[in-house]
Amino acid sequence: MKVQPEAISIRLFLIGNPWSRNFASIEQLAMELNSIEIIISGLVKSIDFDVFCSTGVMQLNISDKDKIEHNLLPSYGASHVMPDKLVAYLINQGYQLIATDVYSLSSQDLQGDKLESTNSNKNVSLDNPHGMLLFFKR
């Protein structure tokens, strides 16, 4: 498979994935939801790499007790890339966001079974886990 530098597609697993379900605070989930809504509303503004690094990565702090309970290595660190900041950075790099698609994930998807995506671009809520597809073209 050839990688075409003029086109990029990115698939993000967002609200409801195992890490955010087990470790994220309500505030962190709200930030992620807001990030999705910024992209869907088209209000993304370009940002440079330094801003992306300082604002685009959300750290999930996991206690040693939680790591032991979830069978994670002591060195495990979890962080999420905020989707709107990722889009803003790629726009700054000369890419244009061509299409976005927000989809719901079933509980089976979260357990790694067969993926059954249902399009739910209109209603993004904290109740249902969501993923996002982003398509860029240079």
Side-chain angles (χ1 to χ4, degrees):
M1 183 172 77
K2 286 186 177 178
V3 176
Q4 297 179 312
E6 68 275 7
I8 297 176
S9 67
I10 298 171
R11 182 178 184 177
L12 299 171
F13 293 96
L14 302 168
I15 293 165
N17 67 59
W19 311 122
S20 66
R21 240 186 16 247
N22 292 326
F23 304 117
S25 68
I26 295 296
E27 291 80 14
Q28 288 169 322
L29 291 175
M31 279 172 61
E32 196 166 65
L33 181 65
N34 187 47
S35 180
I36 297 168
E37 289 174 345
I38 288 170
I39 293 174
I40 294 170
S41 68
L43 296 173
V44 180
K45 295 177 180 147
S46 64
I47 57 172
D48 64 27
F49 185 69
D50 291 334
V51 176
F52 172 63
C53 290
S54 63
T55 65
V57 180
M58 178 170 66
Q59 188 72 34
L60 299 181
N61 297 315
I62 303 172
S63 72
D64 290 341
K65 181 174 168 274
D66 279 333
K67 288 179 184 177
I68 291 165
E69 281 179 13
H70 291 87
N71 200 26
L72 300 171
L73 292 172
S75 60
Y76 181 86
S79 58
H80 284 193
V81 174
M82 301 302 289
D84 62 311
K85 302 297 193 301
L86 177 62
V87 172
Y89 171 65
L90 286 169
I91 287 171
N92 192 51
Q93 294 302 300
Y95 287 91
Q96 183 182 358
L97 182 63
I98 301 298
T100 63
D101 186 18
V102 178
Y103 56 91
S104 289
L105 302 173
S106 69
S107 57
Q108 287 176 329
D109 298 327
L110 297 173
Q111 292 158 10
D113 292 342
K114 185 170 78 172
L115 184 69
E116 293 175 12
S117 295
T118 54
N119 217 349
S120 65
N121 226 1
K122 292 163 190 73
N123 297 321
V124 179
S125 73
L126 285 169
D127 299 334
N128 295 330
H130 283 82
M132 185 172 236
L133 295 169
L134 302 168
F135 299 93
F136 298 88
K137 196 154 181 140
R138 197 183 274 284

What's the shortest heavy-atom distance between Ala78 and Gln59, and which atoms? O-NE2, 3.0 Å
Going only through I, L, V, M, F, W and Y residues with side-chain contacts under 4.5 Å, is there a path from Ile40 to Leu134? yes
Are Val51 and Ile39 connected in a single hydrophobic cluster, I mean Ile/Leu/Val/Met/Phe/Trp/Tyr linked by side-chain heavy atoms less than 4.5 Å apart? yes
Distance (rounded to the nearest 0.5 Å) between Met132 CE and Ile10 CD1: 11.0 Å
Does the side chain of Asn22 come within less than 4.5 Å of Asp66's, by heavy atoms? no
Tell me, do Phe52 and Asn92 make a side-chain contact under 4.5 Å, heavy atoms counted? no
Heavy atoms, side chains only, cut-off 4.5 Å: are Gln28 and Leu60 in contact? yes
Atom NZ of Lys85 and atom NZ of Lys45: how far apart are they, to the nearest 0.5 Å? 11.5 Å
Sub-3.5 Å donor-acceptor pair from the side chain of Arg138 to the main-chain atoms of Ile8, do we have one? no
Please report whether the ring centroid of Tyr76 lies less than 6.0 Å from that of His70. no
Backbone of Gln96 reached by a side-chain donor or acceptor of Lys137 within 3.5 Å: no
Spell out, as yes or no, whether a donor-acceptor pair under 3.5 Å connects the side chain of Ser35 to the backbone of Asp84. yes
Looking at OH of Tyr89 and OG1 of Thr55, how far apart are the two atoms once the value is rounded to the nearest 0.5 Å? 12.5 Å
Closest heavy-atom contact between Met82 and Met31? CE-O, 3.2 Å
dist Asn34:CG -> Leu29:CG (nearest 0.5 Å) comes out at 12.5 Å
Linked, directly or transitively: Val87 and Phe49 (ILVMFWY side chains, under 4.5 Å): yes
Do Met58 and Leu33 belong to the same hydrophobic cluster, where Ile, Leu, Val, Met, Phe, Trp and Tyr are linked whenever their side-chain heavy atoms lie under 4.5 Å apart, directly or via other members? no
Mind running side-chain contact (heavy atoms from CB on, under 4.5 Å) on Leu97 and Leu90 for me, showing each step along the way? CA-CA 8 Å; Leu97 182 63; Leu90 286 169; over 6 Å; no
Rounded to the nearest 0.5 Å, what separates atom OG1 in Thr100 from atom CG in Leu12? 11.5 Å
Starting at OG of Ser9, measure out to CD1 of Ile98 and round the result to the nearest 0.5 Å. 12.5 Å
